[in-house]
Amino acid sequence: MSSFREPPVRPEYILEPLGVSPGLAAPGPVARAASFALPDLGWLRKLGILLALALLWEGLARWFGNDLLLPGALQTGRAFLEGLMSGELFGYVKVSLAVLLQGFLLGVLGSFLLTWLAVSYRWGRELIDTLTSMFNPLPAIALLPLALLWFGLGKGSLLMVLVHSVLWPLTLNASAGFRSVPETLRMAGRNYGLGGLRMVLQILIPAALPSILSGLKIGWAFAWRTLIAAELVFGSTSGQGGLGWYIFQSRNELFTDKVFAGLAAVILIGLAVEAAIFQTLERLTIRRWGMQR
């Protein structure tokens, strides 16, 4: 008789599912619900907020009962449409945006130069820290009297205050972004043989891009409101008025609905630039790379 023994067989048993009484049939497999990608309705929510504000505005205007001091949303909308249909508002907006684009680009170029100094040299970092501490808290509109003294009533005065409003916040954000790049990324770039300009373009700028975009957005907002304020102060430049001059002239002629229409144009241009340019850049870069939700 062979000494080989069969291995013991483990007894089998069935565990009833939780929540099911013994003797009852267990529920069948649960079908997974089909997952559907819901469309992004952020723009619809923002539109609803704007409509709610317009209704509140119209209600306050009707309760106040004085069109000279507070015209309603409907009256302002009619003035806005009349300015668009006549082309008057387009002309003022074109002048303002042309000056704004020149000043913004000059400020961006100057900021990148200062940031390069801060990143490349120790004395450059100390210089930029000192300059940003001095000039970043200084309102750009406070330099307008000096700009008028140096450049007169012309585009040069506007460009000076615009460059100041863009230069320092962008430099501060960009230099902080470069400094916050982890050392491991720099070491990885050096291991791949990157150095100099290639290191900056392929490692440093992508890593610091959230801070750079934040600085660009802040610089754009500062430049836009500085331009409108400067045009309100000394009006037209070289015989051509901008959007701020349109608001100032409408106030002098007691066209309060046109004043509000000009303010609405300022707001709408700001929203359009934010949605069409900055949000697109963020979606194509830092959100796509997983650096921002």
Side-chain angles (χ1 to χ4, degrees), residues 43 46-47 49-51 53-62 64-107 140-141 144 147-148 151-163 165-166 219-278:
W43 65 272
K46 293 180 181 179
L47 182 61
I49 293 174
L50 293 177
L51 290 177
L53 292 176
L55 290 175
L56 178 61
W57 176 11
E58 183 68 24
L60 288 175
R62 292 179 183 273
F64 199 70
N66 191 336
D67 293 341
L68 182 62
L69 296 181
L70 183 60
L74 295 177
Q75 184 179 354
T76 301
R78 285 194 296 268
F80 184 79
L81 291 178
E82 289 175 0
L84 293 180
M85 297 299 293
S86 64
E88 179 185 19
L89 201 54
F90 275 120
Y92 289 112
V93 170
K94 180 180 178 182
V95 172
S96 291
L97 290 182
V99 178
L100 176 67
L101 183 60
Q102 297 178 41
F104 185 76
L105 291 178
L106 289 175
I141 199 67
L144 189 57
L148 292 174
F151 299 102
L153 289 173
K155 186 186 295 184
S157 300
L158 292 178
L159 292 179
M160 176 180 172
V161 295
L162 289 178
V163 169
S165 63
V166 176
W220 144 256
F222 282 5
W224 184 225
R225 69 186 187 185
T226 299
L227 175 63
I228 300 301
E231 290 177 343
L232 283 169
V233 171
F234 65 87
S236 61
T237 60
S238 304
Q240 293 180 331
L243 194 53
W245 173 245
Y246 171 80
I247 297 172
F248 181 77
Q249 191 177 25
S250 300
R251 194 270 300 176
N252 288 337
E253 298 174 356
L254 297 180
F255 293 141
T256 314
D257 53 349
K258 288 187 176 182
V259 172
F260 277 85
L263 295 175
V266 173
I267 295 172
L268 291 176
I269 290 173
L271 292 175
V273 171
E274 173 71 22
I277 297 179
F278 291 116

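Every heavy atom of this structure was used, including side-chain atoms; hydrogens, water molecules and symmetry mates were not.
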Backbone N/O of Leu159 and side chain of Gln102: donor-acceptor pair under 3.5 Å: no
As an exercise, state the distance from [atom1] of [X] to [atom2] of [Y], rounded to the nearest 0.5 Å.
X      : Y      : atom1 : atom2 : result
Leu263 : Leu268 : CG    : CG    : 11.0 Å
Leu227 : Leu97  : CG    : CG    : 8.5 Å
Phe222 : Ser165 : CZ    : OG    : 8.5 Å

Applying ring pair (Phe, Tyr, Trp, His ring centres under 6.0 Å) as the test, list every pair that has at least one member in residues 64-84; sequence neighbours left out. none
Could you tell me whether Glu58 and Arg62 make a salt bridge, using a distance below 4.0 angstrom between a side-chain N and a carboxylate O? yes
For [X] and [Y], which heavy atoms make the closest approach, and how far apart are they?
X      : Y      : value
Leu69  : Phe260 : O-CE1, 4.3 Å
Ala54  : Ala73  : O-CB, 3.8 Å
Thr256 : Asp67  : CB-O, 4.1 Å
Ser96  : Gly242 : OG-CA, 3.2 Å
Leu232 : Gly244 : CD2-O, 3.2 Å
Phe104 : Val166 : CD1-CG2, 3.7 Å

State, with a plain yes or no, whether a side-chain heavy atom of [X] is found less than 4.5 Å away from one of [Y].
X      : Y      : answer
Met160 : Phe151 : yes
Leu105 : Leu101 : yes
Leu162 : Val99  : yes
Trp224 : Leu243 : yes
Arg251 : Ile247 : no
Trp220 : Leu100 : yes

Give the C-alpha distance, both sets of side-chain angles, the deciding distance and a yes or no for side-chain contact (heavy atoms from CB on, under 4.5 Å) between Val161 and Ile141. CA-CA 7 Å; Val161 295; Ile141 199 67; 5.9 Å; no
Taking side chain to side chain donor-acceptor pair (under 3.5 Å) as the definition, give me every residue that meets it alongside Gln75, ordered by chain and number, with sequence neighbours left out. none
Can you check side-chain contact (heavy atoms from CB on, under 4.5 Å) on Glu88 and Lys258, steps first, answer last? CA-CA 11 Å; Glu88 179 185 19; Lys258 288 187 176 182; 4.2 Å; yes
When you look at Thr76 and Trp57, which way does the side-chain contact (heavy atoms from CB on, under 4.5 Å) test go after all the steps? CA-CA 11 Å; Thr76 301; Trp57 176 11; 3.4 Å; yes
Does Leu53 have any side-chain contact (heavy atoms from CB on, under 4.5 Å) partners at least two apart in sequence or in another chain, and if so, which? Ile49
Full working for side-chain contact (heavy atoms from CB on, under 4.5 Å) between Glu231 and Tyr92: CA-CA 11 Å; Glu231 290 177 343; Tyr92 289 112; over 6 Å; no
